[in-house]
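Right, one structure below, let's go through it.
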Amino acid sequence: MEIAQELAQVLIDGKWQNADVESTFHAENPATGETLPRAFPVSTWSDCDRALAAASKAAVELRGVTPDKIASFLEAYAFRLESATTELVAAAHEETALPISPRLKDVELPRTTNQLRQAATAVREESWKRATLDLERNIRSYFAPIGPVIVFGPNNFPFAFNGISGGDFAAAIAAGNPVIAKAHPLHPNTSRLLAEQALKAAEETGFPTRAVQLIYAISNENGLRLVSEPRVGAVGFTGSKNAGLHLKRAAEEAGKPIYLEMSSINPVIFLPGALAEEEERLARELVDSCLAGAGQFCTSPNLVVLWDGPVAESFLNSVAIAFRERPTQSLLSFAGRKQLHAGVTALVDASAELVTGGKPADGAGARYQNTLLRTTGKQFLSRPHDLQREVFGNVTMAVTVRNVEELQSMLEHLEGNLTGTIYSSKTGTDNETYSVIEPLLRPKVGRLLNDKMPTGVAVSPAMNHGGPFPATSHPGFTSVGIPSALTRFAVLQSYDGVREDRLPPILRNTISNPATWRSIDGAWVKG
C-alpha cells in the first residue's frame with residue numbers, strides 16, 4: 001500500500017511552520033498493524049535551536065505576565081480540550097488502541113483537564129511560591145520560574161502525560177515557564193491536535209504564543225544536546241530507564257535539573273492473614289490491576305510476594321486461570337511487544353518459572369499472552385538485580401517466601417519504586433509482621449498503600465507520584481499532585497535590601513489576605 005506523504009508542521013515561535021527535516025516517520029495503529037497516512041518530521045538541530053531561541057524570548061515575556069493571565073490560559077486550554085473531545089479521543093484511539101470509552105473519553109481526558117484547572121487554581125493562589133518576608137532584616141525569597149522547560153512525554157498516556165498537555169506541561173506553565181514539548185512517536189497526531197488547541201487558547205487569552213512549542217522527533221544525539229543546552233531551565237521526562245539514564249547524564253553534566261520517571265515494579269505483599277480471609281477477592285483484585293490497560297501503567301504490580309504454602313498455591317492457581325481466561329488487549333506498539341517478550345525471557349533466564357503465557361497472542365494487533373511467572377524467595381535473593389527487571393505490559397511475577405526473615409532480606413535488596421503495597425488481616429493477626437516489614441518497605445517507595453492496588457494515581461494535592469532511584473531521578477519531587485509538582489520547575493530567589501518598588505509584587509510589604517500567611521521566627525511565609 002502506498003502511504004500518503006502529507007508532512008505535519010512543527011509548532012515553533014508561536015506558529016505552525018515547516019520543519020527542517022532530517023527524516024520522516026509514520027505512526028501505526030497497534031490494533032491492526034496499519035501504517036497511518038500522515039507523515040511527521042524528525043527535526044534537525046536547527047528546529048531545536050529555533051525553539052530554544054523562541055522559548056528564551058518567551059521566558060522574558062512571561063516575567064511580565066500576571067498570574068491571572070497564566071491561569072486564564074490554562075483554563076481556556078482545558079475548555080478547548082473538552083470541546084474537541086471527539087476528534088482527540090478518535091486520534092488517540094487510532095494511534096494507541098486504548099479504548100475510547102471509558103479509558104480515553106471518560107477517564108484520561110477529564111483527568112487532563114482537571115490537572116490544567118488545578119494548576120490554574122495554584123497559579124492564582126500562589127502558596128506554591130513559598131514567599132518569605134523577613135521584614136526586620138529586609139530579606140525576602142520565593143520560588144520563581146526556572147526558564148524554558150523541555151518535556152518528554154511517554155507512550156502510555158496520550159493526554160494526561162503528553163508533553164504538550166499533561167502534568168509536566170501544566171506544572172511548568174503554572175510556574176511561569178515556556179515549554180518545548182517533544183512528542184512521543186507513538187502518538188504524534190494526537191500531540192499535534194492537542195498543540196492546536198493550546199495555541200488557540202493562548203491566542204484567545206493573550207498568553208505568549210511562543211511559550212508553547214511542539215517538536216515531534218529528534219535524533220538521540222540531538223536529544224542529549226537539547227537537555228544540556230545552556231538556554232534550558234529544566235527537563236521533565238517520563239519513559240524507559242535506558243533513555244532516562246542517558247538524558248540524566250547529559251543534563252547533569254551540564255548542571256541542568258532533570259526530573260525523570262523511569263522504572264518501577266511496584267511490589268504487592270500479601271500477608272498470610274489477608275489471604276486466609278479473602279483469597280478469592282484478592283486474586284480478582286490482583287488480576288484486575290495487573291491486566292488493566294494491558295499492564296501498561298507505571299504503577300502496575302510487577303512483583304507479588306506471598307507466604308509459601310497451600311493458600312499461596314490456591315491463590316496463584318486462581319490468578320493463572322484468570323490470566324488464561326481474560327482476553328488479551330492490544331499493546332501500545334509492536335516494538336513494545338518485542339521488548340515485553342525480551343523482558344519475560346530475561347526473567348526466565350534468571351530462574352523465574354513460566355506459569356502461563358510467555359509469547360505473542362493470537363489475533364490482530366500487538367497482543368501478548370497474559371503472563372504469570374513465579375520464583376522463590378531463595379532464588380530471588382540469589383539474583384536480586386536480575387529478578388527486579390521491569391516488564392512493561394500484562395506480565396507479573398510472584399515470589400513465595402518461607403518466613404518473615406526471608407521477606408526482610410528481600411526488602412533490603414529492593415530497589416526504589418513508585419509504590420509499595422501491603423495487604424494484611426482485618427482482625428490484626430498480621431500486625432506484628434506488618435510492624436517488622438513496613439520500616440523496610442517505606443523508604444523504598446514513594447507511595448505506601450494498605451489493602452488496595454496501586455494502579456490508580458489520584459490527581460490530589462497529597463499525591464506523590466515519585467520515589468527513590470531508579471523509579472525517579474530524585475525522591476523529593478512528584479510529577480502528580482498540585483501544587484507540589486510545580487516546584488520542580490522553579491528556582492529559589494532571594495532579595496536582600498532590595499528597594500520595595502523593585503521587588504516582585506508578592507514580596508512587597510503589603511500582605512494581602514493575611515489569613516494566607518503565617519509568621520515563623522519573625523518572618524512572614526505565604527502558604
Side-chain angles (χ1 to χ4, degrees), residues 3-4 6-11 16 19 24-43 77-116 151-170 173 179-201 212-218 236-239 293-294 296-298 329-336 365-366:
I3 300 298
E6 181 186 2
L7 186 61
Q9 293 183 310
V10 291
L11 179 59
W16 292 101
T24 64
F25 71 98
H26 292 259
E28 66 179 3
N29 184 330
T32 65
E34 174 193 6
T35 299
L36 299 176
R38 187 184 292 269
F40 291 87
V42 177
S43 291
Y77 187 20
F79 176 78
R80 281 202 148 273
L81 294 184
E82 289 168 345
S83 300
T85 292
T86 301
E87 184 181 23
L88 288 169
V89 298
H93 172 66
E94 183 178 53
E95 291 184 317
T96 67
L98 294 170
I100 287 177
S101 184
R103 168 64 190 268
L104 294 170
K105 179 181 178 182
D106 306 316
V107 178
E108 191 180 338
L109 191 58
R111 170 180 171 165
T112 305
T113 56
N114 181 32
Q115 288 174 162
L116 292 167
V151 179
F152 293 81
N155 62 355
N156 58 337
F157 280 87
F159 300 141
F161 281 83
N162 196 298
I164 198 68
S165 66
D168 284 355
F169 172 88
I173 292 290
V179 168
I180 301 173
K182 209 292 283 179
H184 196 281
L186 292 190
H187 43 74
N189 194 45
T190 304
S191 301
R192 180 185 67 83
L193 294 173
L194 291 167
E196 285 182 351
Q197 299 304 324
L199 180 60
K200 290 175 182 176
V212 180
Q213 302 185 88
L214 174 70
I215 293 174
Y216 298 103
I218 50 179
F237 168 90
T238 305
Q296 296 166 119
F297 291 106
C298 47
Q329 306 168 61
S330 180
L331 298 169
L332 293 166
S333 70
F334 287 89

**Prompt:** Would you call L194 and T112 a side-chain contact if the rule is heavy atoms closer than 4.5 Å?
**Reply:** no

**Fill in**
d(F237 CZ, D168 CG) to nearest 0.5 Å is 11.0 Å

**Item:** Cationic N near anionic O, under 4.0 Å, K200 to E196
**Value:** no

**Asked** Atom CG in L109, atom CG in N114: separation rounded to 0.5 Å?
**Response** 11.0 Å

**Nearest heavy atoms of V179 and G163, plus distance in Å** = CG1-O, 4.0 Å

**Asked** Just by modelled atom types, is the R103 backbone N or O under 3.5 Å from a matching donor or acceptor in the E108 side chain?
**Response** no

**Asked** Where do Y77 and S165 come nearest, in terms of heavy atoms and distance?
**Response** OH-CB, 3.4 Å

**Request:** Could you tell me which residues satisfy salt bridge (charged side-chain N to carboxylate O under 4.0 Å, His left out) with E28, sequence neighbours excluded, listed by chain and number?
**Result:** none

**Request:** Please identify each residue that fulfils side-chain contact (heavy atoms from CB on, under 4.5 Å) with T32, with sequence neighbours left out.
**Result:** N29, E34

**Request:** Examine R111 relative to F157 and say whether NZ or CZ is less than 6.0 Å from the centre of the six-membered ring and inside a 45° cone about the ring axis.
**Result:** yes

**pair F159-Q115: side-chain heavy atoms closer than 4.5 Å** = no

**Prompt:** Does F79 CZ have over 12 foreign heavy atoms under 6.0 Å away?
**Reply:** no

**Message:** Looking at every heavy atom in both Y216 and P188, which two are closest together, and how far apart are they?
**Reply:** CE2-O, 3.6 Å

**Asked** So how far is it from F297 CZ to N156 CG, rounded to the nearest 0.5 Å?
**Response** 7.5 Å

**R80 side, atom CZ; L116 side, atom CG - distance, nearest 0.5 Å** = 14.0 Å

**Prompt:** Do L186 and T96 touch side chain to side chain, with heavy atoms closer than 4.5 Å?
**Reply:** no

In residues 86-94, what donor-acceptor pairs under 3.5 Å come from side-chain atoms, sequence neighbours left out?
residue : atom : partner : partner atom : Å
H93     : ND1  : L98     : O            : 2.7

**Asked** Are S83 and Q197 side-chain neighbours, meaning at least one heavy-atom pair lies under 4.5 Å?
**Response** no

**Request:** Locate the shortest heavy-atom distance separating P30 from E95; write the atom from each residue and the value.
**Result:** CD-O, 3.4 Å

**Candidate pair N189 and L36, rule side-chain contact (heavy atoms from CB on, under 4.5 Å), full reasoning** = CA-CA 10 Å; N189 194 45; L36 299 176; over 6 Å; no

**Asked** So which heavy atom on S191 is nearest to which on L214, and how close?
**Response** O-CD2, 3.7 Å

**Item:** Between CD1 on residue I164 and NZ on residue K182, distance to nearest 0.5 Å
**Value:** 12.5 Å

**Asked** Within the side chain of H26, is there an N or O that forms a donor-acceptor pair under 3.5 Å with the backbone of F40?
**Response** no

**Asked** Is there side-chain contact between V212 and L199, with heavy atoms separated by less than 4.5 Å?
**Response** no

**Prompt:** Where is the tightest heavy-atom contact between Q296 and L332, given as atom of each residue plus distance?
**Reply:** OE1-N, 2.8 Å

**Complete:** Sorted by chain and residue number, the side-chain contact (heavy atoms from CB on, under 4.5 Å) partners of P110 (sequence neighbours excluded) come out as none

**Asked** How far does OG1 of T85 sit from CG of D106, to the nearest 0.5 angstrom?
**Response** 9.5 Å

**Item:** ring pair (Phe, Tyr, Trp, His ring centres under 6.0 Å) contacts in which one or both residues fall within residues 179-199, not counting sequence neighbours
**Value:** H184-H187

**Prompt:** Who passes side-chain contact (heavy atoms from CB on, under 4.5 Å) against A19, sequence neighbours left out?
**Reply:** V10, V21, P41, S43, D47

